[in-house]
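Reading through the structure tokens given below for one structure.
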Protein chains: 2
Amino acid sequence: MPKIVDPEERRREVVEAVFRVVARGGIRQATLQNVAVEAGLAVGSVRHYFASHPELLTAAAREMVRRVEARVRAQRERLRPEDDPREVVEEMAGQFLPLDAARADEVAVWLEFAVAARTDPTLGSIAAELHQGLRTVAGRLLDRLGVTDPVATEHLAAVLDGLALNAALHPDRLGPDTLRAVLRLHLEQLPGA
Amino acid sequence: MPKIVDPEERRREVVEAVFRVVARGGIRQATLQNVAVEAGLAVGSVRHYFASHPELLTAAAREMVRRVEARVRAQRERLRPEDDPREVVEEMAGQFLPLDAARADEVAVWLEFAVAARTDPTLGSIAAELHQGLRTVAGRLLDRLGVTDPVATEHLAAVLDGLALNAALHPDRLGPDTLRAVLRLHLEQLPGA
DNA sequence: CTTTTTATAGCACGGTCGTGCTACGGTTTT
DNA sequence: AAAACCGTAGCACGACCGTGCTATAAAAAG
């Protein structure tokens, strides 16, 4: 059955396995052996697609960024000019919060990679890219509401990151409803209200 | 020189070494060997004070909580009834932000332990305690300003955690001045203003 | 049919880690 | 003086990790 497989597809499957392992047990558990087991492959097979362990992790990190970008882009294309700007912003900002189980896993993976990037130069640039991306989106959203203060952008970004962090670390104490309530409160308190 | 040493003092020195290692290289680097080298001891000596690796980490985590509590308590005792409530709250909330180099290291250590606690049951209760503590303080601060909404408490807690997170991960993009500006903006936008 | 390519798997080596255990010298106690 | 204690250090073992390398068999190319 060797050549019938689409390499791109296999790579995606392995990356998916990385996500599951990281979400479940943290980035320390994302060893080649654990990922191989999770993917139902042998270590040597995983290494056929990712030459080294760092390469596997950076590929997974890049895929995570790609997913977030895709979700934001999809959400943007769903926009209608007649939509209430408030709701548009709320919906868009919610894309960064763990409002359902799938996003909860994704946020957990994001947190693991972001923190690892603090001390791992290999992941540094990807984390910086994500950091900058959130600020760009936040700035655009505030623009839409007539707010241009860069401090307000940082403020919104901090709330989103803080909510995501707390929801990932204490999912039992911070459900989707609470996340939405805090986000709504934040938007209500914007000066341009 | 065996018996002349105060055991408590030695334990504190070792924990200090753990802090330095974690702040510099992340919790993955907090191995017995690395900590021993950092403390200028042999692995066997470290194990004389901390029977196992988990015990060393939980002791360090507990010490971190103790320090934060001590700083909050010290700040509270410095209060004078005639102080401006606004400034009091700002000063107290600032205790949770990396406004100087010492606090930056402490925040980095906090972040590492908090994230590790997500997947390490050993650290779980300590992280939960810290999480709850921040909300208690935040709630009391808002009370002082006439705000009693629990959602506002969660909002303030999210901002503080988010700022600390971002400052720890991207210290070059988020200096103390920006942190203070965002915190001030947050307090200005409270409904009770 | 033969050759090349590729997906999968496995082995072996060097390194690191946590930990059980022992050794030794200086201190305290009897 | 002898015995018990404690701080410090080191060894050895089993486990796991990343990685260089090789083997095999199926598919593709010639």
Side-chain angles (χ1 to χ4, degrees), chain A residues 1-22 24-62 112-113 116-117 119-123, chain B residues 1-22 24-62 112-113 116-117 119-123:
Chain A
M1 66 183 78
K3 187 60 186 308
I4 329 178
V5 186
D6 179 15
E8 295 278 336
E9 171 67 17
R10 265 284 187 277
R11 282 178 64 97
R12 226 172 295 133
E13 284 178 22
V14 174
V15 165
E16 200 80 35
V18 173
F19 285 166
R20 285 196 298 272
V21 171
V22 171
R24 190 195 316 136
I27 213 175
R28 339 174 45 139
Q29 299 296 327
T31 67
L32 280 179
Q33 352 264 334
N34 285 347
V35 170
V37 169
E38 179 74 27
L41 294 174
V43 174
S45 304
V46 173
R47 292 216 306 144
H48 178 67
Y49 294 96
F50 302 92
S52 70
H53 183 243
E55 186 177 319
L56 175 60
L57 286 192
T58 57
R62 241 181 281 276
E112 293 282 342
F113 274 106
T119 52
D120 183 348
T122 302
L123 300 172
Chain B
M1 64 185 75
K3 188 60 185 310
I4 329 177
V5 186
D6 178 15
E8 294 278 336
E9 171 66 17
R10 266 283 188 275
R11 283 177 64 96
R12 225 173 297 134
E13 284 179 21
V14 174
V15 165
E16 200 78 36
V18 173
F19 285 167
R20 286 196 298 272
V21 171
V22 171
R24 191 195 316 135
I27 212 175
R28 343 174 40 139
Q29 300 296 326
T31 66
L32 280 179
Q33 352 264 335
N34 285 346
V35 171
V37 169
E38 179 75 27
L41 294 174
V43 174
S45 303
V46 173
R47 291 215 305 144
H48 180 67
Y49 294 96
F50 302 92
S52 70
H53 183 243
E55 186 177 320
L56 174 60
L57 287 193
T58 57
R62 239 180 281 277
E112 293 282 342
F113 275 105
T119 51
D120 184 347
T122 302
L123 300 172

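- Looking at every heavy atom in both residues, B:V21 comes nearest to B:V35 through CG2-CA, 4.4 Å.
- Between the CZ atom of B:R11 and the P atom of D:dT8 there is a distance of 13 Å, rounded to whole Å.
- Atoms CG (A:L32) and C1' (D:dC16) sit 12 Å apart, rounded to a whole Å.
- Between D:dA9 and B:S45, a contact under 4.0 Å exists linking OP1 or OP2 to a side-chain N or O.
- Nearest heavy atom pair, residue A:L123 against residue A:A61, reads CD2-CB, 4.1 Å.
- Across all their heavy atoms, A:Y49 and A:R10 have their closest contact at OH-CG, 3.4 Å.
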Intermediate values then yes/no, salt bridge (charged side-chain N to carboxylate O under 4.0 Å, His left out), B:R11 and B:E8: CA-CA 5 Å; B:R11 283 177 64 96; B:E8 294 278 336; 5.6 Å; no
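- Within the 3.5 Å criterion, the main-chain N or O of A:I27 finds a donor-acceptor partner in the side chain of A:E112.
- In this structure, CG of B:N34 is placed 13 Å from C1' of C:dG15, rounded to the nearest angstrom.
- Taking for each of A:R47 and A:Q29 the nucleotide of DNA chain D with the nearest heavy atom, the 5'-most of the two is the partner of A:Q29.
- Protein atom CG of B:L57 is 10 Å distant from nucleotide atom P of C:dT19, rounded to whole Å.
- Computed from coordinates, the B:E13 CD to D:dG7 P distance equals 13 Å when rounded to whole Å.
- Separating the CZ atom of A:F50 from the P atom of D:dG18 is a distance of 14 Å, rounded to the nearest angstrom.
- D:dC16 atom P lies 17 Å from atom CZ of B:R28, rounded to whole Å.
- Neither OP1 nor OP2 of C:dT6 sits under 4.0 Å from any side-chain N or O of A:Y49.
- Side-chain N/O atoms of B:T31 include one lying less than 4.0 angstrom from OP1 or OP2 on C:dC17.
- Rounded to an integer number of Å, the gap from B:Q33 CD to D:dC11 C1' is 13 Å.
- In this structure, A:G44 and A:A30 both approach DNA chain D, and ranking their closest nucleotides by distance from the 5' end singles out A:A30.
- Residue-level contact check: A:H48 touches the bases, meaning some heavy atom is under 4.0 Å from a base atom.
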